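Side chains are part of it too, since the values below use all heavy atoms of this structure and drop only hydrogens, waters and symmetry mates. What you see is a predicted model, and the numbers here were worked out from it, not measured in a lab.
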Amino acid sequence: MARKILVVDDEEVLVETIAYNLEQAGYQVITAADGYSALEAARSERPDVILLDIMLPGLDGLEVCRQLRREPETATIPIIMLTAKGDEIDKVVGLEVGADDYVTKPFGRRELLARIRALLRRVEYGSAFDEESLRGSLEAPTRPRRELVAGPLRIDLDGRRIFCRDQEIELQPKQFDLLVYMVRNRGTVLTRDQLLHNVWGYDYVGDTRTVDVHVRWLREKIEEDPANPKLIQTVRGVGYCFRR
């Protein structure tokens with residue numbers, strides 16, 4: 001069955017162009033032209049990916065993203081924000097309210113398809129992992145859960161839960177994946193390109209600011225003093241290193 005993409009934008013010509021390119025690539029496309037219609041379509045159609053413009057009539061894309069992330073039925077749908085060229089603050093805020101990625105207008109067909117494929121691949125990997133974990137738990141109910149422990153962090157890999165200083169913290173899927181990858185490679189300096197390649201996907205074509213935004217978000221969650229981080233440290237001119 002073809003994957004379903006919800007395209008949300010009030011620019012009719014742009015929507016038609018995106019829909020045509022996606023359909024040519026084998027996707028099923030549904031569209032919405034305002035925020036309220038986007039919420040209704042996401043809830044009723046349960047798309048595999050949402051392309052969501054920030055500037056929308058009625059309800060802007062950021063608020064749409066917030067509401068979708070609050071609802072269990074739509075909380076895990078991958079969302080790619082569509083932003084205007086140069087609107088850096090919109091990109092940052094979009095990621096912080098729960099978007100998985102962003103693409104800057106104008107964008108090319110190949111770039112958009114690459115980002116969609118990368119998101120779908122991660123979803124498929126996560127589903128396969130959950131199914132394997134469930135099957136294993138049925139076959140061996142006493143098998144201990146897999147965990148990572150690093151400094152004040154305890155990461156339940158099977159349950160995708162993170163505890164910091166004995167308090168559970170909530171992370172978006174991409175933030176969880178980034179933290180796990182850094183903890184697994186603790187003590188190693190990781191470049192931004194390495195993190196993009198291994199956490200966001202092999203054909204991810206975003207810029208390295210995406211990594212910086214997610215690292216800042218993680219620091220706010222796990223560091224005692226985010227302005228003076230002890231766990232995720234910056235290696236100037238190179239990238240980041242998890243030190244514990």
*Is L51 close to L22 at the side-chain level, that is, under 4.5 Å between some pair of heavy atoms?*
yes
_Residue pair I30 / V7, side-chain heavy-atom distance below 4.5 Å_ = no
*Show your reasoning for whether side chain to side chain contact (heavy atoms under 4.5 Å, CB included) applies to V235 and L190.*
CA-CA 9 Å; V235 180; L190 302 167; over 6 Å; no
*What distance separates R117 CZ from R3 CZ, expressed to the nearest 0.5 Å?*
13.5 Å
*Not counting sequence neighbours, which residues clear side-chain contact (heavy atoms from CB on, under 4.5 Å) with K230? List them please.*
E223, N228, R244
*Would you please name every residue forming a side chain to side chain donor-acceptor pair (under 3.5 Å) with R69, sequence neighbours left out?*
D100
*side chain to side chain contact (heavy atoms under 4.5 Å, CB included) between L148 and L153: does it pass, once the steps are laid out?*
CA-CA 8 Å; L148 287 176; L153 296 178; over 6 Å; no
*L56 backbone acceptor or donor facing D60 side chain under 3.5 Å*: no
*asked:* Out of the candidates I50, I54, L52, D53, only one should pair with V64 under the side chain to side chain contact (heavy atoms under 4.5 Å, CB included) rule; please name it.
replied: L52
*asked:* Please give me the minimum heavy-atom distance between L113 and A25, naming the atom from each residue.
replied: CD2-CB, 3.9 Å
_Q175 side-chain N/O to Q172 backbone N/O, donor-acceptor pair under 3.5 Å_ = yes
_Using a 6.0 Å distance limit plus a 45 degree cone around the ring axis, check whether R154 lies over the aromatic ring of F163._
yes
*Say you draw a straight line from NE2 of H214 to CZ of R219; how long is it, rounded to the nearest 0.5 Å?*
14.0 Å
*Where is the tightest heavy-atom contact between W217 and L171, given as atom of each residue plus distance?*
CZ3-CD2, 3.0 Å
*asked:* Would you say that P152 contacts L231 through its side chain, given a criterion of any heavy-atom pair below 4.5 Å between the two side chains?
replied: yes
*Could you pull out all residues at least two apart from E71 that satisfy side chain to side chain donor-acceptor pair (under 3.5 Å)?*
R43
*asked:* Does E170, at its CD atom, have more than 12 non-hydrogen atoms belonging to other residues, nucleotides or ligands within less than 6.0 Å?
replied: no
*asked:* Applying side chain to side chain donor-acceptor pair (under 3.5 Å), can you list everything that pairs with E224, at least two apart in sequence or on another chain?
replied: none
_Heavy-atom pair with the smallest gap, counting every atom of L59 and Q67_ = CD2-NE2, 3.8 Å
*If you look at every heavy atom in P78 and L119, which pair is closest and at what distance?*
CB-CD1, 3.9 Å
*asked:* Could you see if Y36 belongs to whatever hydrophobic cluster contains I77? Use Ile, Leu, Val, Met, Phe, Trp, Tyr and a side-chain cutoff under 4.5 Å.
replied: yes
*When you measure from the side chain of R70 to the backbone N and O of C65, does any donor-acceptor pair fall under 3.5 Å?*
no
_Could you measure the distance from the CD atom of E45 to the CD atom of E40? Nearest 0.5 Å is fine._
9.5 Å
*asked:* Before you tell me yes or no, could you show the steps for D212 and Y240 under side-chain hydrogen bond (donor to acceptor under 3.5 Å, both in side chains), namely the whole-Å CA-CA distance, both residues' side-chain angles and the distance that decides it to 0.1 Å?
replied: CA-CA 9 Å; D212 298 333; Y240 299 99; 2.6 Å; yes
*Start with the C-alpha gap between L6 and V49, add the side-chain angles, then the distance that decides, and say whether side chain to side chain contact (heavy atoms under 4.5 Å, CB included) holds.*
CA-CA 6 Å; L6 170 59; V49 175; over 6 Å; no
*With side chains defined as the heavy atoms from C-beta onward, is the minimum distance between Y102 and L82 less than 4.5 Å?*
no
_Value rounded to 0.5 Å, distance of CG in D10 from OG in S37_ = 11.0 Å
*Determine whether more than 12 heavy atoms belonging to other residues, nucleotides or ligands lie under 6.0 Å from atom CG of D225.*
yes
*Can you find a heavy atom in the side chain of T31 that is under 4.5 Å from one in the side chain of V29?*
yes
*Work out which heavy atom in A2 is nearest to a heavy atom in G26; give both atom names and the distance.*
CB-O, 3.3 Å
*Determine the minimum heavy-atom distance between T74 and A42, stating which atoms define it.*
CG2-O, 3.9 Å
*Would you give the length of the straight line joining atom CD1 of I155 to atom CD1 of I169, rounded to the nearest 0.5 angstrom?*
8.5 Å
*Pairwise distance CG(L196) to CZ(R192) - rounded to 0.5 angstrom*: 10.0 Å
*Check salt bridge (Lys or Arg N to Asp or Glu O under 4.0 Å) between R243 and all other residues, then give those that pass, not counting sequence neighbours.*
none
*With sequence neighbours excluded, what pairs up with D177 under the side chain to side chain donor-acceptor pair (under 3.5 Å) test?*
R160
*Does the pair K105 and E11 meet the rule for a side chain to side chain contact (heavy atoms under 4.5 Å, CB included), with working shown?*
CA-CA 12 Å; K105 301 177 182 178; E11 297 181 42; 3.2 Å; yes
*Could you tell me whether the side chain of V180 reaches within less than 4.5 Å of the side chain of L157, counting heavy atoms only?*
yes
*Does the side chain of I116 reach to within under 4.5 Å of the side chain of Y27, using non-hydrogen atoms?*
yes
_Any side-chain to backbone donor/acceptor pair from R115 onto L112? Under 3.5 Å, distance only._
no
